[in-house]
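Heads up, the thing below is written out as structure tokens.
Since the structure is predicted, the reported quantities are computational estimates derived from the model, not experimental observations. Convention: sequence-line order gives letters A, B, ...; per-chain numbering from 1.
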Protein chains: 2
Amino acid sequence: MAKTNAAFMSGIPELVVLRLLSRSEMYGYELIRAIRLTSGESIVLAEGVVYPTLHGLEQRGLLKAKEKLVKGRLRVYYQTTAKGKKRLVELENDWHRINNGVEAILRRVVCQN
Amino acid sequence: MAKTNAAFMSGIPELVVLRLLSRSEMYGYELIRAIRLTSGESIVLAEGVVYPTLHGLEQRGLLKAKEKLVKGRLRVYYQTTAKGKKRLVELENDWHRINNGVEAILRRVVCQN
DNA sequence: TCCTTATACATATTGGTTATAGGTATGATA
DNA sequence: TATCATACCTATAACCAATATGTATAAGGA
């Protein structure tokens, strides 16, 4: 069987993480579920993808982290910073541009030649 | 200035090459222009990306190559094979699935929380 | 009680693929 | 004759997602 995410995934983790955490803060484990559910199971990111992404984005100042202890269990909540939201706008623009470009190639009807 | 293709490019070369060469045969240099023009300058692939892609796809039997000498200049024309077209369908499906997933995350309105 | 599953975090390594930077050679144009 | 466009090519670097693995606690079932 094919992998859950075949190709076309580069840049997606950063984009969706910044987007989801710009709406409401979440902790990693929660975020992973949110990505899976919100995308309708189309995008399934493993922990080994999401946690390094979160750490990287935090280090770059695009996310802010704060720890909470809930029911004797540690949670690290993240939210997108102002800088992260600016970055998010850039990424969305890039994504739509690439997208439109690919669509233009895919959709062009054969008979034009 | 930003790079022409920031992120979001994984899988795209294979997809657009198979798609364009499934309509009409082209040689590499021509294909590079076609990608740029058909995508409305949104997708600009350098020769160092396209030629290795062509070779790889040919080796996998997804493209068929034939050499022509035109005006004293060598051209290698490629076209998508039947196997390549099957692969193309898969890629298009994957691409649309990922796409829809990302769109679902991006477009979801804040107030649903 | 014991075992398993779900929760919640983390990282090291691998692998795959695009991007960059070069290199060769011919025809056309100024 | 010098430059640009054409037309091919490849090696290396850089980037990032995927995989595999590890730790630890809470909850639920047998």
Side-chain angles (χ1 to χ4, degrees), chain A residues 1-18 25-36 42-60 63 65-78 91 94-95 98 101-102, chain B residues 1-18 25-36 43-60 62-63 65-78 91 94-95 98 101-102:
Chain A
M1 185 49 200
K3 288 181 290 191
T4 39
N5 301 330
F8 309 127
M9 285 302 296
S10 91
I12 302 293
E14 181 178 351
L15 175 62
V16 300
V17 165
L18 284 176
E25 66 173 16
M26 283 192 240
Y27 56 99
Y29 201 78
E30 180 185 15
L31 179 60
I32 289 168
R33 243 179 304 150
I35 292 169
R36 181 166 49 79
S42 296
I43 297 173
V44 180
L45 300 183
E47 301 180 6
V49 172
V50 172
Y51 286 114
T53 299
L54 289 170
H55 303 156
L57 292 174
E58 190 200 359
Q59 274 197 315
R60 292 160 60 196
L63 293 180
K66 94 184 141 193
E67 300 192 348
K68 288 184 191 177
L69 202 65
V70 180
K71 285 188 256 185
R73 197 185 286 281
L74 182 70
R75 291 180 179 171
V76 186
Y77 281 81
Y78 294 90
L91 285 176
D94 286 345
W95 193 76
I98 301 290
V102 172
Chain B
M1 185 50 202
K3 289 180 289 192
T4 38
N5 299 331
F8 308 127
M9 285 302 296
S10 83
I12 303 292
E14 181 178 351
L15 174 62
V16 300
V17 165
L18 284 176
E25 66 173 16
M26 284 192 240
Y27 56 99
Y29 202 79
E30 180 186 16
L31 179 61
I32 290 168
R33 242 179 303 147
I35 293 169
R36 182 165 49 78
I43 297 172
V44 180
L45 299 184
E47 301 181 8
V49 172
V50 173
Y51 286 114
T53 299
L54 289 170
H55 302 156
L57 292 174
E58 191 200 357
Q59 274 197 314
R60 292 160 59 195
L62 307 179
L63 293 180
K66 94 184 141 195
E67 300 193 348
K68 289 184 191 177
L69 204 64
V70 180
K71 285 188 258 187
R73 199 186 285 280
L74 181 71
R75 290 178 179 173
V76 187
Y77 282 81
Y78 294 90
L91 285 176
D94 285 346
W95 193 76
I98 301 291
V102 173

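Nearest-nucleotide mapping onto DNA chain D: of A/Lys71 and A/Ile12, the residue sitting toward the 5' end is A/Ile12. Ranked by how close their nearest DNA chain D nucleotide is to the 5' end, A/Gly72 and A/Val44 are led by A/Val44.
Across all strands shown, A/Arg75 has heavy atoms under 4.0 Å from sugar-phosphate atoms exclusively, and none from any base.
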Restricting both atoms to N or O, compile the protein contacts to nucleotides 10-12 of chain C shorter than 3.5 Å, with distance only.
residue, atom, partner, partner atom, Å
C/dA10, OP2, A/His55, NE2, 2.9
C/dT11, OP2, A/His55, ND1, 3.0

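Here C/dA25 presents its C1' atom at 11 Å from CG of B/Leu74, a figure rounded to the nearest Å. If you measure from atom CZ of A/Arg73 to atom P of D/dA26, you get 7 Å, rounded to the nearest angstrom. In this structure, CE of B/Met26 is placed 14 Å from P of D/dA7, rounded to the nearest angstrom. We find that NZ of A/Lys66 is positioned 18 Å from C1' of C/dA8, with the value rounded to whole Å. To the nearest angstrom, P of C/dT20 lies 11 Å from CG of B/Leu45. Protein atom CG of B/Leu91 is 14 Å distant from nucleotide atom C1' of C/dT17, rounded to whole Å.
In terms of modelled atom types and a separation under 3.5 Å, the side chain of B/Thr53 and the main chain of B/Glu14 share no donor-acceptor contact.
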Which donor-acceptor pairs under 3.5 Å do side chains of residues 25-32 of chain B form with protein atoms, sequence neighbours excluded?
residue, atom, partner, partner atom, Å
B/Glu25, OE1, B/Lys66, NZ, 3.3
B/Glu25, OE2, B/Lys68, NZ, 3.2
B/Tyr27, OH, B/Arg75, NH2, 3.4
B/Glu30, OE1, B/Tyr27, N, 3.2

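OP1 or OP2 of D/dA7 sits under 4.0 Å from a side-chain N or O of B/Arg33.
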